[in-house]
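Input: a single structure, listed below in C-alpha cells.
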Amino acid sequence: QPPAEPPLEPPRPGEYSVRLERPMEGRAKVGLHVKPTKNSQLNVTSVTEGLLMDWNKAHPSQEVKVGSTIVAVNGMRGDTTMMLEQIRQARVLVMYVKLMAAQQ
C-alpha cells in the first residue's frame with residue numbers, strides 16, 4: 001500500500017489543476033521546458049512529445065502551452081527550485097497553472 005498523497009490546497013481563483021502520472025515502468029517524458037521567473041513561478045518555454053502533450057490533447061480547454069505560467073507543483077508554491085525538483089523526480093505531478101486571458 002503506497003503512502004497516500006498529502007492533500008493539496010485547492011487551486012486559487014484564476015488557476016486550474018493539471019495532473020500527470022508517469023507509468024510505474026520505464027521513463028516517460030513530461031515534455032515540458034520552463035524558465036523560472038524572479039517572482040517564483042515557472043514560465044513554459046516549450047511543450048514537446050510526452051505526458052503534457054497527451055494531457056493537452058485530452059483537455060483542450062486546460063491546455064498548457066508556451067507562455068503558460070505554472071504557479072505550484074505538488075503543493076510547492078513560491079520556490080522554483082523545489083518545483084523543478086518535483087517535475088524531475090515525482091511520479092505523479094499535480095501542477096497549478098494560471099489561466100491565460102483567452103481561457104477566462
Side-chain angles (χ1 to χ4, degrees):
Q1 171 106 349
E5 293 174 34
L8 299 175
E9 66 166 58
R12 295 177 184 171
E15 298 173 3
Y16 60 96
S17 175
V18 173
R19 188 178 191 279
L20 306 177
E21 191 166 341
R22 292 182 169 104
M24 288 290 207
E25 300 298 319
R27 293 288 304 156
K29 288 208 322 226
V30 174
L32 170 67
H33 300 272
V34 295
K35 188 178 79 190
T37 59
K38 63 184 181 306
N39 56 351
S40 56
Q41 301 173 341
L42 300 175
N43 279 357
V44 177
T45 54
S46 73
V47 176
T48 55
E49 198 65 44
L51 297 173
L52 187 57
M53 197 174 271
D54 295 344
W55 164 275
N56 285 345
K57 286 180 189 145
H59 306 86
S61 68
Q62 295 181 311
E63 202 177 350
V64 179
K65 50 186 184 268
V66 173
S68 293
T69 303
I70 299 169
V71 293
V73 181
N74 289 356
M76 304 289 170
R77 188 186 282 268
D79 183 335
T80 52
T81 305
M82 296 294 283
M83 289 160 67
L84 289 166
E85 185 73 12
Q86 288 295 313
I87 291 170
R88 274 197 295 273
Q89 304 292 338
R91 196 176 76 77
V92 177
L93 290 176
V94 178
M95 302 188 291
Y96 292 168
V97 183
K98 260 191 185 159
L99 285 168
M100 296 173 85
Q103 293 173 307
Q104 291 186 4

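Heads up: numbering here begins at 1 and tracks the sequence.
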- Taking atom OG1 of T80 and atom CG of N43, what is their separation to the nearest 0.5 Å? 11.0 Å
- Residue pair V71 / R77, side-chain heavy-atom distance below 4.5 Å: yes
- Message: Between V30 and W55, is there a side-chain heavy-atom distance shorter than 4.5 Å?
- Response: no
- If only atom types and distance count, is the side chain of N74 paired as donor or acceptor with the main-chain N or O of V94 below 3.5 Å? yes
- Is the side chain of Y16 donor-acceptor paired with the backbone N or O of E63 at a distance under 3.5 Å, no angle test? yes
- Item | Nearest heavy-atom neighbours spanning N56 and V47 | ND2-CG1, 4.1 Å
- Work out which heavy atom in V66 is nearest to a heavy atom in S46; give both atom names and the distance. CG2-CA, 3.8 Å
- Item | Validation row: M76, E85 side chains within 4.5 angstrom (heavy atoms) | no
- Is the shortest heavy-atom distance from the side chain of L52 to the side chain of V18 under 4.5 Å? yes
- Short side-chain to backbone donor-acceptor contact, R22 and A90, under 3.5 Å: yes
- With a cut-off of 6.0 Å (strictly less than), are more than 12 heavy atoms of other residues, nucleotides or ligands near CE of M82? no
- Item | Minimum-distance pair of heavy atoms, taken over all atoms of L93 and V73 | CD2-CG1, 4.0 Å
- Message: Any heavy-atom pair between the side chains of L42 and I87 that's under 4.5 Å?
- Response: yes
- Item | Nearest-0.5 Å distance, CD of residue Q62 to CG of residue L99 | 8.5 Å
- Note on the structure: Here the pair of heavy atoms bringing L20 nearest to L51 is CD2-O, 3.8 Å
- Item | Side chain to side chain, M95 and M83, heavy atoms closer than 4.5 Å | no
- Task: Supply the atom-to-atom distance D54 CG to H59 NE2, rounded to the nearest 0.5 angstrom.
- Result: 11.0 Å
